[in-house]
Amino acid sequence: MTGLFITLEGPEGAGKTTQLARLEARLRGTGRCVTVTREPGGTPLGMRVREVVLDPTLEMGPLSEFLLYSASRAQLVQDVLRPALERGDVVLCDRYFDSSLAYQGAGRGLPLALLRDLTREVTGGLTPDLTLLLDLDPAVGLARAAQRGQADRLEQADLAFHQRVRAGFLELAQAEAQRFAVLDAAQSADAVEAQLWAAVESKL
Ligand code: Z5A
């Protein structure tokens with residue numbers, strides 16, 4: 001595959017959606033073909049899964065939660081990610097398997113080894129070339145997200161859960177420093193964009 005696969009990760013409200021739009025515009029400005037997608041979502045199946053996993057009225061166990069995200073991911077890899085990378089696109093994905101390792105692993109307490117084994121099957125080993133981790137205190141991120149209205153099922157989890165998730169992301173980044181760029185998402189959107197572009201340019 002000749003494309004470049006970039007994922008954006010981080011706790012709730014860290015600014016991934018904001019930065020993804022800016023990055024897409026910059027990349028298109030350089031004349032590159034860009035595919036933008038997200039998890040969960042990005043396919044018709046993924047959109048249905050998204051409604052289920054974010055529904056605040058539903059209760060589900062950690063393994064069910066992980067398997068739902070994985071179902072969405074398997075379809076996204078097959079229908080969107082691999083075809084775009086085979087065409088040679090730069091692919092920008094808002095969350096990918098690192099979110100499962102952080103939320104269902106560090107957050108919910110599922111064993112990382114199990115999640116990694118299943119994820120290898122789900123993705124066929126497709127791993128990002130670059131993962132931009134927007135790191136932010138979850139109290140700040142949740143407050144940003146709260147301005148949007150009713151909290152979804154994940155946003156309703158307590159602060160300690162979101163703190164474990166943040167710590168989980170940072171551990172993943174430390175373990176794979178070659179793949180990750182850790183960005184300080186507490187800065188202004190313009191300052192975050194500048195850090196992010198520097199990390200992307202080094203991979204182009
Ligand atoms: N999840 C999981 O558990 N396991 C998995 O495997 C996967 C996901 C793939 C997806 O929900 C949920 O699923 C997510 C993880 C879980 N839940 N949580 N918690 P989502 O896609 O709806 O949630 P999200 O990915 O966290 O997106 P978000 O809440 O929209 O956050 P964001 O995209 O990072 O931030 P934003 O929308 O760009 O910005 C949020 C607000 O902050 C907005 O008003 C902006 O204008 C503002 N903002 C942005 N940047 C800044 C800066 N720099 N300063 C100040 N304000 C800013």
Side-chain angles (χ1 to χ4, degrees), residues 7-25 36-43 45-47 49-56 58 60-77 80-81 92-110 112 114-116 118-119 122-123 128 131-166 168-169 172 183-196:
T7 54
L8 279 84
E9 296 280 7
E12 189 66 24
K16 296 177 301 302
T17 311
T18 305
Q19 294 299 332
L20 196 122
R22 292 174 177 225
L23 181 54
E24 179 187 7
V36 178
T37 190
R38 68 170 174 173
E39 275 205 4
T43 65
L45 174 69
M47 289 309 295
V49 169
R50 183 179 183 85
E51 284 169 24
V52 173
V53 287
L54 297 185
D55 184 344
L58 275 180
M60 67 182 72
L63 192 56
S64 307
E65 191 176 64
F66 169 73
L67 292 171
L68 283 164
Y69 282 112
S70 294
S72 167
R73 184 164 302 138
Q75 202 67 33
L76 189 75
V77 168
V80 178
L81 299 179
L92 305 179
C93 191
D94 190 344
R95 300 195 181 278
Y96 188 51
F97 65 65
D98 293 302
S99 278
S100 283
L101 300 176
Y103 282 86
Q104 283 68 53
R108 301 284 195 218
L110 290 177
L112 279 186
L114 171 73
L115 301 187
R116 286 188 194 282
L118 291 171
T119 295
V122 164
T123 62
T131 297
L132 300 159
L133 174 57
L134 277 68
D135 178 51
L136 185 67
D137 180 341
V140 176
L142 287 169
R144 284 184 188 172
Q147 291 172 353
R148 276 189 309 225
Q150 203 208 354
D152 65 39
R153 200 177 57 80
L154 272 290
E155 285 166 3
Q156 286 182 354
D158 61 22
L159 188 59
F161 168 80
H162 288 283
Q163 281 163 341
R164 290 196 297 279
V165 170
R166 181 196 192 185
F169 273 127
L172 294 172
L183 313 171
D184 177 6
Q187 295 182 314
S188 71
D190 287 348
V192 177
E193 182 185 350
Q195 292 178 66
L196 191 143

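For this chain, numbers begin at 1 and follow the sequence in order. Order of listing sets the numbers, starting from 1, for every ligand and every atom in it.
By the 3.5 Å distance cut-off applied to N or O atoms, H162 is not counted among the residues near ligand 1. Distances between N or O atoms of E155 and those of ligand 1 include no value under 3.5 Å. Not one N or O of D94 is nearer than 3.5 Å to an N or O of ligand 1, by distance alone.
Not one N or O on the side chain of E65 forms a donor-acceptor pair closer than 3.5 Å with the backbone of Q104. Side chain of E155 to backbone of D152: a donor-acceptor contact under 3.5 angstrom is found. A donor-acceptor pair is defined here as one N or O able to donate and one able to accept, closer than 3.5 Å; such a pair exists between the side chain of R144 and the backbone of G13.
The ring-ring contact (aromatic ring centres under 6.0 Å, His included) test applied to Y96 returns F5, not counting sequence neighbours.
Put simply, atom 43 (C) of ligand 1 has no protein non-hydrogen atoms near it, under 4.0 Å away.
The part of Q104 lying near ligand 1 is the side chain, judged by heavy-atom distances below 4.0 Å.
Looking at R153, R144, E193, it is R144 that brings a heavy atom closest to atom 48 (N) of ligand 1. The option with the heavy atom closest to atom 45 (C) of ligand 1, from among T17, T18, V49, L54, is T18. Nearest to atom 22 (O) of ligand 1 by heavy atom, out of E12, R50, E9, R22, is R50.
Residue contacts with ligand 1 leave out G10, since none of its heavy atoms falls under 4.0 Å from the ligand.
Side chains of Y103 and R95: a donor-acceptor N/O pair is present below 3.5 angstrom, by distance only.
Here the options are L133, L136, D137, the test is side chain to side chain contact (heavy atoms under 4.5 Å, CB included), and the partner is R166; only D137 passes.
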